Amino acid sequence: MAGLVLKLAPKERVLINGVVVENGDRRSRFSIMTPQANVLRLRDAIHPDEVNTPVRRVCYATQLVLSGDMEAESARQQLLRRVEELSQVFTDADSRRVLAEATEALLAEQYYKCLKSLRALLPREERLMAYQQ
């Protein structure tokens, strides 16, 4: 098992099981070997003020699991429901693939992988929202 490989830029911060870790002065790479470790790159974190669209709401809820602010067991069903709701809007083949990856990750309790998949929908959602205005 390879684990989750993180490549960090100098001074980049990451949250691992509720602990903020800051990289040193050089780029580095390390592997998280614990399968259920909660990891969140702080540069990828969505600020509560930015939670203003359906995809951002699902990403933020997933982020709360990774930060330890929401219990994984209670969040999983809610997240699965929200991903299913997104599948009613994002009907193209590529979006369906992304949502399927997110669902698989949720079922496997791999919240970082789920968040990473869902973030791929953010630019699409932004285009859809701009188109509707």
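Values in this document were obtained by computation on a predicted structure and should not be read as measured data.
- Taking Q77 as the reference, nothing meets the side-chain hydrogen bond (donor to acceptor under 3.5 Å, both in side chains) condition, with sequence neighbours excluded.
- Here I46 contributes atom CD1 and L122 contributes atom CG; the two are 5.5 Å apart, rounded to the nearest 0.5 Å.
- Contacts of Q78 classified as side chain to side chain contact (heavy atoms under 4.5 Å, CB included), with partners at least two apart in sequence or in another chain: M70, R81, R82.
- Using a 4.5 Å heavy-atom threshold, the side chains of L118 and V83 count as touching.
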Donor-acceptor list for residues 8-19 side chains, cut-off 3.5 Å, not counting sequence neighbours:
{"unit_1": "K11", "atom_1": "NZ", "unit_2": "D25", "atom_2": "OD1", "d": "3.2"}
{"unit_1": "E12", "atom_1": "OE1", "unit_2": "A9", "atom_2": "N", "d": "2.8"}
{"unit_1": "E12", "atom_1": "OE1", "unit_2": "R41", "atom_2": "NH1", "d": "3.4"}
{"unit_1": "E12", "atom_1": "OE2", "unit_2": "R41", "atom_2": "NH1", "d": "2.6"}
{"unit_1": "E12", "atom_1": "OE2", "unit_2": "R43", "atom_2": "NE", "d": "3.3"}
{"unit_1": "R13", "atom_1": "NE", "unit_2": "E22", "atom_2": "OE2", "d": "2.9"}
{"unit_1": "R13", "atom_1": "NH2", "unit_2": "E22", "atom_2": "OE2", "d": "3.2"}
{"unit_1": "N17", "atom_1": "OD1", "unit_2": "N38", "atom_2": "N", "d": "2.7"}

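- For D44, there are no salt bridge (Lys or Arg N to Asp or Glu O under 4.0 Å) partners at least two apart in sequence or on another chain.
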Under the side-chain contact (heavy atoms from CB on, under 4.5 Å) rule, what do V21 and F30 come out as? Steps first, then yes or no, please. CA-CA 12 Å; V21 177; F30 61 95; 5.5 Å; no
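- The distance from atom CZ of R27 to atom NZ of K7, rounded to the nearest 0.5 Å, is 8.5 Å.
- Applying the side chain to side chain contact (heavy atoms under 4.5 Å, CB included) rule to R26 yields no partners; only residues at least two apart in sequence or on another chain are considered.
- Closest heavy-atom contact between R97 and D94: NH2-OD1, 2.6 Å.
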For the pair Y112 and I32, evaluate side-chain contact (heavy atoms from CB on, under 4.5 Å) and give the outcome as yes or no after the intermediate values. CA-CA 12 Å; Y112 183 84; I32 306 291; over 6 Å; no
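- For the side chain to side chain contact (heavy atoms under 4.5 Å, CB included) test, residues two or more places apart in sequence or in another chain that qualify with E73 are E71, R76, E109.
- The shortest heavy-atom contact between V98 and S117 is CG1-O, 3.0 Å.
- Of all heavy-atom pairs between C59 and L115, the closest is O-CD1, 3.5 Å.
- S95 pairs by the side chain to side chain contact (heavy atoms under 4.5 Å, CB included) definition with F90, D92, L121, R124, not counting sequence neighbours.
- Scanning both residues, C114 and A105, for their nearest heavy atoms gives N-CB, 3.5 Å.
- By the side-chain hydrogen bond (donor to acceptor under 3.5 Å, both in side chains) test, R96 pairs with no residue at all, sequence neighbours left out.
- Of all heavy-atom pairs between L86 and P54, the closest is CD2-CB, 3.9 Å.
- The shortest side-chain heavy-atom distance between V39 and L66 does not fall under the 4.5 Å cut-off.
- The list of side-chain hydrogen bond (donor to acceptor under 3.5 Å, both in side chains) pairs with a residue in residues 51-65, not counting sequence neighbours, reads T53-E125.
- The distance from the OG atom of S28 to the CG atom of N23 is 3.0 Å, given to the nearest 0.5 Å.
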